[in-house]
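A short worksheet on the structure shown next.
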Protein chains: 2
Amino acid sequence: MARNVEFDEQLAVSKAMDVFWRKGYNGTTMRDLTEAMGINSSSLYNTIGDKHELFIRSIKHYTETRMKEALKQLEPIKSPIKAIEKFIQSSVYVITNEPNSCMAIKTTFEVATTDEQVQKIIKADNEFTYNLLNGLVEKAMQKGEITVSQDAAMLTDYIINHFSGWHEFFIIHKDKTRIKNMATFLIKQINQ
Amino acid sequence: MARNVEFDEQLAVSKAMDVFWRKGYNGTTMRDLTEAMGINSSSLYNTIGDKHELFIRSIKHYTETRMKEALKQLEPIKSPIKAIEKFIQSSVYVITNEPNSCMAIKTTFEVATTDEQVQKIIKADNEFTYNLLNGLVEKAMQKGEITVSQDAAMLTDYIINHFSGWHEFFIIHKDKTRIKNMATFLIKQINQ
DNA sequence: CAAATTCTGAAACAAATGTTTTAGATATTT
DNA sequence: AAATATCTAAAACATTTGTTTCAGAATTTG
């Protein structure tokens with residue numbers, strides 16, 4: 001009966017994501033987006049929808065990609081405490097090597113305060129990280145690898161909580177060493 | 001020779017700051033601002049300048065006010081370790097009772113990545129906090145009130161670093177208890 | 001009080017914004 | 001290959017954006 005959509009929707013969303021990631025929601029114009037995506041606005045409105053819908057898809061894409069990566073990276077590690085350390089260290093690596101900082105945190109502070117739909121997605125992402133890390137913390141406590149605290153929930157919050165500060169710090173100071181020193185101290189605290 | 005400016009510039013900037021604080025730089029329009037400030041755009045351009053200049057004044061106002069408050073609050077406290085604890089606790093109080101989160105952090109993630117002028121102001125604010133807390137940490141170490149680490153610089157970074165995570169956490173979860181638990185743990189770690 | 005100066009308000013400005021329209025190109029089905 | 005359906009591109013759309021203009025009101029000084 002008819003033609004098919006010509007552009008690869010996943011690829012297009014990924015390109016839109018790059019722009020939103022760099023410029024934020026309000027700092028991005030529809031022309032920025034269509035230019036980066038290589039499509040016309042009529043195609044965009046016919047397939048994905050308006051700017052807001054495209055943004056929703058973009059953060060979803062961001063968080064989903066990140067979740068998959070985290071799972072893949074931690075899966076092969078047997079020791080829970082080693083996995084926790086790996087998780088912290090690779091967070092430091094990403095934070096200190098990503099020029100555009102973290103799209104989820106940027107979004108939290110820019111629009112999650114007022115946009116419920118966005119907030120839900122961000123919350124789900126945070127809960128995924130929480131559950132992933134909490135599983136490891138609980139196991140590490142059972143094995144006696146962690147003794148600083150017996151409150152796994154709190155320690156999970158405590159560990160995750162460092163990341164946005166490091167992102168903020170890196171934007172302001174662009175100093176990897178001081179972040180690495182904090183991470184080393186954190187790991188030492190947990191290992192004690 | 002002539003008339004004086006009719007509006008109170010400090011008050012006007014303070015009202016503009018409220019809008020920027022809530023809506024961010026890109027989310028705020030000139031009409032939002034002139035409406036909140038109760039002045040005409042011609043008056044605004046004749047006195048303060050354009051939107052960007054008004055934003056600069058707004059964050060400056062924000063950070064300066066905050067610095068004064070911090071000094072006032074910590075001055076009467078004699079014991080360095082008690083002052084550090086007070087600093088952490090009152091941060092928790094502000095974080096969990098401020099519906100608009102922190103303007104400095106929001107600004108860092110929204111525009112400090114690309115706006116050098118803004119970044120300078122934010123950096124100066126962070127360095128002020130750093131110096132304030134670092135003085136206390138050094139004294140507490142000399143007195144033997146802190147023993148977890150002898151690296152005052154690193155521990156200062158480490159303590160300050162918690163705050164943006166708590167802000168992020170409060171936006172997403174609106175849960176005071178879990179933040180208070182993290183703060184209690186942090187204080188316990190320092191006191192050890 | 002008169003003159004001089006500068007501030008204010010409303011309107012106007014061009015440019016940019018998010019979105020829609022429309023005519024024609026393109027692919028699928030029969 | 002013809003008919004049909006739906007996609008695409010360019011342009012147009014109404015609003016909204018940040019900023020400026022200008023006539024008149026207001027205040028200070030002589």
- Note on the structure: Residue set satisfying salt bridge (charged side-chain N to carboxylate O under 4.0 Å, His left out) with B:R57, at least two apart, ordered chain then number -> B:E9, B:E53
- Matching residue for A:K23 among A:N100, A:L33, A:T28, A:D18 - test: side chain to side chain contact (heavy atoms under 4.5 Å, CB included): A:T28
- Listed partners of A:N131 passing side-chain contact (heavy atoms from CB on, under 4.5 Å), at least two apart: none
- Between D:dC7 and A:S43, is there an OP1 or OP2 to side-chain N/O distance shorter than 4.0 Å? no
- Task: Report the distance from atom CD1 of A:I39 to atom P of D:dA9, rounded to the nearest whole Å.
- Result: 9 Å
Show the distances under 3.5 angstrom between N or O atoms of the protein and N or O atoms of nucleotides 20-23 of chain D.
from: D:dT20; atom 1: O4; to: B:S41; atom 2: OG; distance (Å): 2.9

- Query: Under 3.5 Å, side chain of B:N161 to main-chain N/O of B:D157, donor-acceptor pair present?
  - Reply: no
- Can you tell me if A:Q119 uses its side chain to pair, donor with acceptor, with the backbone of A:T114 under 3.5 Å? no
- the helix from C:dC1-D:dG30 to C:dA12-D:dT19: angle between terminal helix axes, five bp per end, to the nearest 10 degrees, reads 20°
- Item | Listed nucleotide nearest any side-chain atom of A:M30, set C:dG18, D:dG18, D:dA9 | C:dG18
- Item | Nearest-angstrom distance from the residue atom CD1 of B:I48 to C1' of C:dC7 | 14 Å
- Task: Answer with yes or no whether the side chains of A:N134 and A:T156 bring together a donor and an acceptor at under 3.5 Å.
- Result: yes
- When all nucleic acid strands are considered with a 4.0 Å heavy-atom cut-off, which category describes B:T28: base, sugar-phosphate, or nothing? sugar-phosphate
- Contacts of A:G38 and A:R31 projected onto DNA chain D by closest heavy atom; the upstream (5') one is A:G38
- Query: Quick check: does any side chain N or O of A:T34 sit under 3.5 Å from a backbone N or O of A:M30, one acting as donor and the other as acceptor?
  - Reply: yes
- Query: Where the side chain of B:T29 is concerned, which of C:dT8, D:dT17, D:dA9 is the nearest nucleotide?
  - Reply: D:dT17
- Message: Run the ring-ring contact (aromatic ring centres under 6.0 Å, His included) test on B:W166 and B:F169 for me, step by step, so that the C-alpha distance in whole Å, both residues' side-chain angles and the decisive distance to 0.1 Å come before the verdict.
- Response: CA-CA 5 Å; B:W166 293 342; B:F169 193 94; 9.7 Å; no
Which pairs would a plain distance check flag for residues 179-192 of chain A, meaning a side-chain donor or acceptor within less than 3.5 Å of a matching protein atom at least two apart in sequence or in another chain?
from: A:T184; atom 1: OG1; to: A:K180; atom 2: O; distance (Å): 2.8
from: A:N191; atom 1: ND2; to: A:E85; atom 2: OE2; distance (Å): 2.9
from: A:N191; atom 1: ND2; to: A:I187; atom 2: O; distance (Å): 3.3

- Spacing between B:L44 atom CG and C:dC7 atom P, to the nearest angstrom: 14 Å
- Item | A:D32 side chain to A:T29 backbone, donor-acceptor under 3.5 Å | yes
- Determine whether the side chains of B:H173 and A:N126 contain a donor N or O and an acceptor N or O closer than 3.5 Å. no
- Query: So which of residues 50-59 of chain B are in contact with DNA chain C, with a heavy-atom cut-off of under 4.0 Å?
  - Reply: none
